[in-house]
Amino acid sequence: MSRRLTLEDPQRASDGSGGHVETWQALGEIWAEFQPLTGRSKVQGGAGLSLQRYRVTLRASPVGSASRPRPDQRFRDGARLFVIHAVAEADALGRYLTCFVQEEISA
């Protein structure tokens, strides 16, 4: 595990006008390994966007633990953001987790 990431959880707060604002709260840091998967480019809102998928492997945490990643969360590595799409146990003994994430980069 050679890459330190911050696990972040979305938080909703009232914007005072009947809506909400989404902010991100850091839950802690983890060490992980990254393996690049597929990537593609697309145009969204008139701007180019590069989408890169990765397989992230990390030590497992018990189900229900705040340190166990969930698909509605994300990892942060400095200014880079990786949205978690799926989480699965990586081995039969449940020692490691595999997270499938996607990074969006404005082109």
Side-chain angles (χ1 to χ4, degrees):
M1 310 288 160
S2 61
R3 196 164 181 175
R4 188 169 67 183
L5 304 171
T6 301
L7 178 63
E8 295 183 336
D9 190 51
Q11 303 294 307
R12 292 180 125 180
S14 173
D15 66 2
S17 300
H20 71 276
V21 176
E22 185 173 80
T23 60
W24 291 87
Q25 176 185 8
L27 298 179
E29 294 183 340
I30 56 122
W31 287 93
E33 287 294 328
F34 265 65
Q35 178 182 7
L37 298 174
T38 61
R40 65 185 175 98
S41 295
K42 72 175 188 175
V43 176
Q44 182 175 337
L49 190 63
S50 174
L51 304 173
Q52 177 64 49
R53 295 180 193 273
Y54 295 91
R55 176 181 294 141
V56 179
T57 303
L58 55 129
R59 293 194 190 283
S61 299
V63 174
S65 170
S67 61
R68 186 181 178 101
R70 296 187 324 262
D72 62 335
Q73 296 174 329
R74 71 183 185 188
F75 294 121
R76 175 182 291 276
D77 183 10
R80 297 175 71 183
L81 300 173
F82 303 91
V83 177
I84 302 170
H85 288 287
V87 178
E89 291 186 351
D91 64 325
L93 298 175
R95 295 176 298 180
Y96 296 93
L97 295 176
T98 298
C99 297
F100 295 93
V101 303
Q102 181 172 291
E103 179 183 26
E104 297 182 356
I105 304 166
S106 298

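Please read all numbers here as calculations on a predicted model, not as lab measurements.
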[atom1]-[atom2] distance between [X] and [Y], expressed to the nearest 0.5 angstrom:
X: Q11; Y: W24; atom1: CD; atom2: CH2; result: 9.5 Å
X: Q35; Y: T57; atom1: CD; atom2: OG1; result: 7.5 Å
X: F75; Y: L27; atom1: CZ; atom2: CG; result: 10.5 Å
X: L58; Y: R3; atom1: CG; atom2: CZ; result: 13.0 Å
X: R40; Y: S50; atom1: CZ; atom2: OG; result: 10.0 Å
X: I30; Y: L5; atom1: CD1; atom2: CG; result: 4.5 Å

Results of side chain to side chain donor-acceptor pair (under 3.5 Å) for S65 - residues two or more places apart only: S67
Test side chain to side chain donor-acceptor pair (under 3.5 Å) applied to S2 - qualifying residues, sequence neighbours left out: E33
Check: [Y] and [X] side chains under 4.5 Å, non-hydrogen atoms:
X: L37; Y: F100; answer: yes
X: L81; Y: R76; answer: yes
X: R59; Y: Y96; answer: yes
X: L97; Y: E89; answer: yes
X: V63; Y: R68; answer: yes

Could you report the tightest heavy-atom contact between [X] and [Y], atom names first, then the distance?
X: L7; Y: A66; result: CD2-O, 4.0 Å
X: E22; Y: P10; result: OE2-CB, 3.8 Å
X: Q73; Y: D9; result: NE2-OD1, 3.1 Å
X: P69; Y: V87; result: O-CG2, 3.6 Å

Do you know which of Q52, R53, R74 makes side-chain hydrogen bond (donor to acceptor under 3.5 Å, both in side chains) with Q102?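 Of the listed residues Q52, R53, R74, the side-chain hydrogen bond (donor to acceptor under 3.5 Å, both in side chains) partner of Q102 is R53.
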Whether over 12 other heavy atoms sit under 6.0 Å from R80 CZ: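 Check passes, neighbour count above 12.
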Should E29 and T6 be marked as a side chain to side chain contact (heavy atoms under 4.5 Å, CB included) after you check the CA-CA gap, both sets of side-chain angles, and the distance that decides it? CA-CA 4 Å; E29 294 183 340; T6 301; 3.9 Å; yes
